Amino acid sequence: MTWISKSITTLGGLLLAHACYSAREHSALQSLRAASAASLTSLPSVTTSLPLDIIIETIVATFIILLGLVLGTRPLRPIEWRVWAGKIEREGEEGFIDGAGEVNKDYMGNPFSALESRPNFVDIRKQRREFAEWVKKGG
Amino acid sequence: MPSELELQISPIVQESLVHNSRTLQNLQSLTASLFGVSAGILGLESYDGFLFYLAFSLLTSALFYLVRVAPSSLTAGPRYFRGPFEFWAGGLMNGLAGFILTWTLFYGLVRA
């Protein structure tokens, strides 16, 4: 997911840089033409606005960068406690992976894990069986 | 605004709220300076520039809504923000300073 957003953003950045350079050249040409016209004739020089293709390129480049940045944002988390805790119960760490494929640093773990590991809930017979098998194997 | 009783019945996770609004804020302050760059290239002046900023900020929010919020939240799914006002208008003032900074910078660079 991240490489898509990064490549889209880079493409838009190239377009925007090209549009910026074109606008700069256009304004430089305008001022040069105005200066030469003033020295040759006494006609008032007309300054034209930015050409349509540069305007379109700028807006399209802005939109493309915007799209790339939005695609690169981190996934949101539910704010209601019951939805959030249910998501943790169902998905565990997989629900809190960011774009780079790592678990978020502020992931706190299951809020109910303390309840699950209370001593009253330990299956002592199962542990005894496992221990007996381990002894039988001669461990 | 939810009442205290509602908050008692369905509590809200503060960490998730902070995470969500920070994600949106990061996006908005990043894109605001980008809009300043394009407004400077286009050579917008006075009200045009602010209208440009307003339109593109709303477009940013709409795109964010489309990509991150809508797919899971439309069919009675989880909520991600406190209310619609916080989502749509909360970040408009956030990026304005960065917008004006890059707007004036690029206006001066292109038309110097």
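Residue numbers begin at 1 in each chain, while the letters A, B, ... track the order of the sequences. Only heavy atoms go into these numbers, but all of them, side chains included; no hydrogens, no water, no symmetry mates. Computed from a predicted structure; not experimentally measured.
- Of all residues spanning residues 7-19 of chain A, those with a heavy atom less than 4.5 Å away from chain B's heavy atoms are Leu16(A), Ala19(A), arranged by number.
- Here Leu109(B) contributes atom CG and Thr104(B) contributes atom OG1; the two are 9.5 Å apart, rounded to the nearest 0.5 Å.
- Residue with the most contacts toward chain B among Val70(A), Ile54(A), Leu76(A): Leu76(A) (heavy-atom pairs, distance under 4.5 Å).
- Residue Asn94(B) holds its CG atom at 6.5 Å from CD of Gln28(B), rounded to the nearest 0.5 Å.
- Exactly one residue among Phe87(B), Tyr80(B), Phe81(B) makes a side-chain contact (heavy atoms from CB on, under 4.5 Å) with Tyr65(B). That residue is Phe87(B).
- Note: Ile9(B) CD1 to Glu80(A) CD = 12.5 Å, rounded to the nearest 0.5 Å.
- Scanning residues 59-68 of chain A against chain B with a 4.5 Å heavy-atom cutoff picks out Ile59(A), Thr62(A), Phe63(A), Ile65(A), Leu66(A), Leu67(A), ordered by number.
- Note on ring orientation: taking the six-membered ring where Trp is involved, the planes of Phe99(B) and Phe52(B) are parallel (angle under 30°, cut-offs 30° and 60°).
- Contact count against chain B (heavy-atom pairs under 4.5 Å) is highest for Thr73(A) among Ile55(A), Thr58(A), Thr73(A).
- Between the Ser27(A) side chain and the Val110(B) main chain, a donor and an acceptor come within less than 3.5 Å of each other.
- A distance of 10.5 Å separates CZ of Arg68(B) from CZ of Arg74(A), quoted to the nearest 0.5 Å.
- Of the inter-residue distances, the one linking Thr60(B) atom OG1 with Tyr53(B) atom OH reads 8.5 Å to the nearest 0.5 angstrom.
- Two rings, from Trp103(B) and Phe50(B), have their centers less than 6.0 Å apart.
- Note that CG of Leu101(B) and OG of Ser33(B) are 8.5 Å apart. Values are rounded to the nearest 0.5 Å.
- Under a cutoff of 6.0 Å and an axis angle of 45°, Arg111(B) and Tyr107(B) form a cation-pi pair.
- Heavy atoms closer than 4.5 Å to chain A are found in the side chain of Leu27(B), but not in its backbone.
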